[in-house]
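The model shown is predicted, which means the values in this text are computed figures rather than measured ones. The chains referred to below are lettered A, B, ... by the order of the sequence lines, with proteins before strands, and numbering in each begins at 1.
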Amino acid sequence: MSPALLPKHVATVVKYQRDPIKALAMFNSVKNENGFKHTLLTYKCMIEKLGFHGEFEEMESLMSEIRMNIDNSLLEGVYIGAIRNYGRKGKVQEAVDVFERMDFYNCEPSVQSYNAVMNILVEYGYFNQAHKVYLRMRDKGVIPDVYTFTIRIKSFCRTRRPHVALRLLNNMPSQGCELNAVAYCTVIGGFYEENFQVEARQLFEGMLEQCICPDITTFNKLIHTLCKKGDVQESEKLLNKVLKRGILPNLFTFNIFIQGLCKKGALSEAVRSLDGVRSEGLTPDVVTYNTLICGLCKNFKAVEAERYLHKMVNDGLMPDAFTYNSIIDGYCKMGMIQNADQVLNDAIFKGFVPDEFTYCSLINGLCCDGDIDRAMAVFNDALGKGLKPTIVLYNILVKGLSQQGLILQALQLINEMLDHGCSPNIWTYNLVINGLCKMGWNIDSGYDFLIENIEKGFIPSLTTFGQVLNCLCVEHRVLEAVGIIHLMVRKDIVPEVVNTIFEADKKEVAAPKIVVEDLLKKSHITYYAYEVLYDGIRDRKLHKKKLPTRCSHDRGTSFKWQPVRQYAPVASEEKLLQHMCSAYLKSVLGYFFCFYSTGKIMEV
DNA sequence: CTAGGGTTAG
């Protein structure tokens, strides 16, 4: 007599089988075993597995099956799992559909289901819809719990309203909901995000005074918001406070700190914390190395990054796509294409398959190098190897072509991308316009536009600054370009770190440099423009010289894009040009709603 | 099971 096959055995096998389709085959085959019947547990494991791996068709058909075999009122957990997995893959509509159908299938959603769907809506920025779900939940008499509150708090923080989030937090006790560290830290993070340091610190203190202390996971999330901005100092202050309460940092904590140190350019410190990890009894992992390597590369230290690549291999860690792509990108951004090639070839030899990121970096590097022919060749080669081109990759090429003055080829490529089902976006248009500026067709109106708006108190986006600066640098109009940098400093359009310099004279010298470096880091300006500007801001003759103004003519026409063409465009091109013109005007309107690295919201 | 943890691209 063979031992009976139990549901828990089937569930275990489903869980540990890596391949979801193989798991499903096994799941189906045991239906024929004598006396075996699937239970809620086995169905749930199988549905979860399929959903986790994005096998949604199979998941849906199994959900139909479970409805026929299991009491429908018991299926909420299954639906929540499906909602979450749809959410993980960005399929928001599908997640909502599952939720909407629940009570049709005799499964009354509880607060957990409402929370699950609200959370996905908030995560993907559908704040109004999330609020509607909340109102419906109240309407149905479902009582919100601490998760509901935290999700709503998050929604307020994401919409840059931390003070509203705080009010909601303070209302929780009166609604019978106890505060916890996650709710607190969500609000605190919201304050930091918007640079309300004082409020954030106060609330953190207040939380500890209530004897509510975050666990390491919650704490890590909080300092991550700080470190992403490069504010390691504040993170350290917070860390010291929780250390006293017996919280121990883990590898995540260190990795977050390394990211922050790189972000603020403290590279030697970042490198040193690698040893710090070990002295805490922890072992650096691939992410630790990748974070460091990526940080070095972003700071134009790809050679050193490559040394760490070898070090991680010596440590017995396997470099992954992330590692290689970071270094390749780093070399390309420095114009060291040969080194990038070398790293790529070594990687391929070790079995690495170049992906979209790799090609983006490489093609971008070649374009910046002026080697548009090889860039196109690599692109076509990648297409031949089955790479699915994306809007990003197209934009890189459009940029490359435009910058070479090959506007017609750029337009041709935009036509091709339309054929490939890729729609041009605002970047695409700006890139072509940028190319036109470079050819001297429209730089003056771009410049006027920028200066005029600043004088009126509107602050254009950093992208716009970058475009105009690039154009001016290419034309060697250094005086105007440097003038813009000084204007940015005067108008406080500067990265946060500038405000940590208290001595005025120090600030005056350092701020322009920081602005230029920040523009480069965020890729708003080219490396060439960076060099021109860097020299320019050190030139005493240019320093403080009054900015030339030339905004006397009618603004109504000053930034209209009117390309001069040597010959009549073919019909399809003309249509495209019209389309692009209207899009550009839309983008001009868009400037009024931009927000900036300084965290200010522009008011119209 | 539902809020909260780390690394790349225009």
For the pair made of [atom1] in [X] and [atom2] in [N], what is the distance, rounded to whole Å?
| X | N | atom1 | atom2 | result |
| --- | --- | --- | --- | --- |
| L520(A) | dA9(B) | CG | P | 14 Å |
| I328(A) | dT7(B) | CD1 | P | 20 Å |
| N299(A) | dT7(B) | CG | P | 16 Å |
| K263(A) | dT7(B) | NZ | P | 12 Å |
| K298(A) | dG10(B) | NZ | C1' | 14 Å |
| K154(A) | dT2(B) | NZ | P | 12 Å |
| N325(A) | dT7(B) | CG | P | 16 Å |

Task: Closest listed nucleotide, where the reference is the side chain of C294(A) and the choices are dA9(B), dA3(B), dT7(B) - done: dT7(B)
On the side chain of [X], is there an atom forming a donor-acceptor pair with the base of [N] - under 3.5 Å, no angle test?
| X | N | answer |
| --- | --- | --- |
| N364(A) | dG10(B) | no |
| T217(A) | dG4(B) | no |
| N180(A) | dA3(B) | yes |

Open item on the list: Quick test of your reading: applying salt bridge (charged side-chain N to carboxylate O under 4.0 Å, His left out), list the pairs with at least one residue in residues 70-79 of chain A, sequence neighbours left out, ordered by first then second residue.
Closed with: none
- [ ] Any pair with a residue in residues 211-230 of chain A that passes salt bridge (charged side-chain N to carboxylate O under 4.0 Å, His left out), sequence neighbours left out, goes on the list, sorted by first then second residue, please.
- [x] none
Taking only the side-chain nitrogens and oxygens of [X], find out if one of them lies under 4.0 Å from OP1 or OP2 of [N].
| X | N | result |
| --- | --- | --- |
| H224(A) | dT7(B) | yes |
| Q112(A) | dC1(B) | no |
| R84(A) | dT2(B) | yes |
| K44(A) | dC1(B) | no |
| N115(A) | dA3(B) | no |

Task: Worked check of side-chain contact (heavy atoms from CB on, under 4.5 Å) between V271(A) and Y308(A) - done: CA-CA 10 Å; V271(A) 167; Y308(A) 279 94; 2.7 Å; yes
Open item on the list: Between T253(A) and L248(A), does the side-chain contact (heavy atoms from CB on, under 4.5 Å) criterion hold? Intermediate values first, please.
Closed with: CA-CA 9 Å; T253(A) 320; L248(A) 279 181; over 6 Å; no
Task: side-chain contact (heavy atoms from CB on, under 4.5 Å) evaluation trace for Y359(A) with E356(A) - done: CA-CA 5 Å; Y359(A) 286 113; E356(A) 195 212 327; 5.9 Å; no
TODO: State whether the aromatic ring of F322(A) stacks on the base of dT7(B), taking stacking to mean ring centres under 5.5 Å apart and ring planes under 30° to each other.
DONE: yes
